[in-house]
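What follows is a single structure, written as structure tokens, with notes after it.
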Amino acid sequence: MADSCILAPDFWCAKDGVAVMNVVILLGGPGSGKGTIAGRLVAADRTLRHVSSGDLLRDAVKRQTAAGVEADGYMKRGELVPDAIIARMIADLMAGIAGPCTLLLDGFPRTVVQAEILDGTIAGCGASLAAVVLLEVADEILVDRIAGRRACPGCGAGYHVTNIPPRVAGICDACGSALTVRKDDNPETVKNRLAVYQAQTVPLIEFYEARGALRRVPGTGPIDEIVERVRRALS
Ligand code: ADP
Ligand code: ZN
């Protein structure tokens with residue numbers, strides 16, 4: 001198993017000689033590239049599983065589940081969804097995973113309370129926290145990236161009008177759906193999301209640094225290079 005994994009063998013925690021679930025957290029502001037990088041890593045390594053809290057929430061909103069109905073307003077305003085909703089969603093997901101794999105958490109945890117809940121969930125299912133990768137990108141660049149961001153409602157693929165353009169403008173390369181702009185990607189909401197990131201998520205940097213788990217990775221430059229830096233940070 002570890003042979004086909006981009007993570008070094010000691011990133012696998014062994015329990016009775018058997019590799020079990022491992023967790024890698026991707027940390028970074030809105031638009032820092034967590035989803036894009038996770039997508040690239042997962043495509044090259046089947047032992048990795050990308051878990052995007054934002055995607056899970058958008059799916060819950062689309063399906064109008066109880067959690068989705070409650071989350072919708074917070075998301076539209078660029079505020080954080082209450083910790084309890086998120087914690088349940090992630091715990092359900094982790095409980096449903098069978099066999100060894102490494103979870104790439106993208107968008108979770110986003111508050112210190114969520115990080116503490118995650119510690120409990122990780123311990124509870126015998127998993128371990130392998131590393132926390134911080135994608136460092138300046139605010140001006142984040143604003144620019146989000147302004148050009150496009151998403152495929154069909155298959156979830158992400159694009160940027162100039163940085164990652166589709167072959168045909170406005171159309172998904174993978175499935176041919178018309179690309180859309182996320183509801184919370186308008187300038188007013190983006191300002192709020194950046195402020196929320198500073199106030200509520202940045203404290204996590206110190207939280208994980210204090211444990212020696214934090215790996216800082218410059219999140220600008222060609223995507224292939226960033227992916228390579230993340231791989232190195234995890235090996
Ligand atoms: P981005 O990282 O680009 O802001 P996401 O897709 O990760 O976008 O998140 C979109 C929205 O979903 C957030 O603004 C927030 O409302 C909600 N959300 C996602 N993850 C969490 C979380 N862990 N805790 C609270 N709210 C969250
Ligand atoms: Zn698509």
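Values reported hereafter were calculated over all heavy atoms of this structure, with side chains retained and with hydrogens, waters and symmetry mates removed. Order of appearance sets the numbers: ligands from 1, and atoms from 1 within every ligand.
Taken to the nearest 0.5 Å, the CG atom of L104 stands 11.0 Å off from the OG atom of S52.
Taking a cutoff of 4.0 Å between a charged side-chain nitrogen and a carboxylate oxygen, D185 and R150 do not qualify as a salt bridge.
The environment of R77 atom CZ is dense: over 12 non-hydrogen atoms of other residues, nucleotides or ligands sit within 6.0 angstrom.
The only option from L41, I164, D106, L135 that meets the side-chain contact (heavy atoms from CB on, under 4.5 Å) definition with T36 turns out to be I164.
Within the hydrophobic cluster formed by Ile, Leu, Val, Met, Phe, Trp and Tyr side chains joined at under 4.5 Å, directly or through other members, V196 is accompanied by L80.
Formation of a donor-acceptor pair under 3.5 Å by the R215 side chain with backbone atoms of A233 is found in this model.
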* Start with the C-alpha gap between R216 and E209, add the side-chain angles, then the distance that decides, and say whether salt bridge (charged side-chain N to carboxylate O under 4.0 Å, His left out) holds. => CA-CA 10 Å; R216 293 174 185 269; E209 200 154 44; 3.2 Å; yes
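Listed by chain and number, P30, G31, K34, S53, G54, L57, R58, M75, E79, L80, V81, I86, G107, F108, R110, Q114, R149, R182, D184, R193 each place a non-hydrogen atom less than 4.0 angstrom from ligand 1.
In terms of the side-chain contact (heavy atoms from CB on, under 4.5 Å) criterion, residue partners of V202 (sequence neighbours excluded) are, by chain and number, Y197, Q198, I205.
By the criterion of a separation under 2.8 Å, the protein N/O/S atoms near the Zn ion (ligand 2) amount to C152 SG, C155 SG, C172 SG, C175 SG.
Residues L204 and A115 approach most closely at CD2-CB, 3.5 Å, considering heavy atoms.
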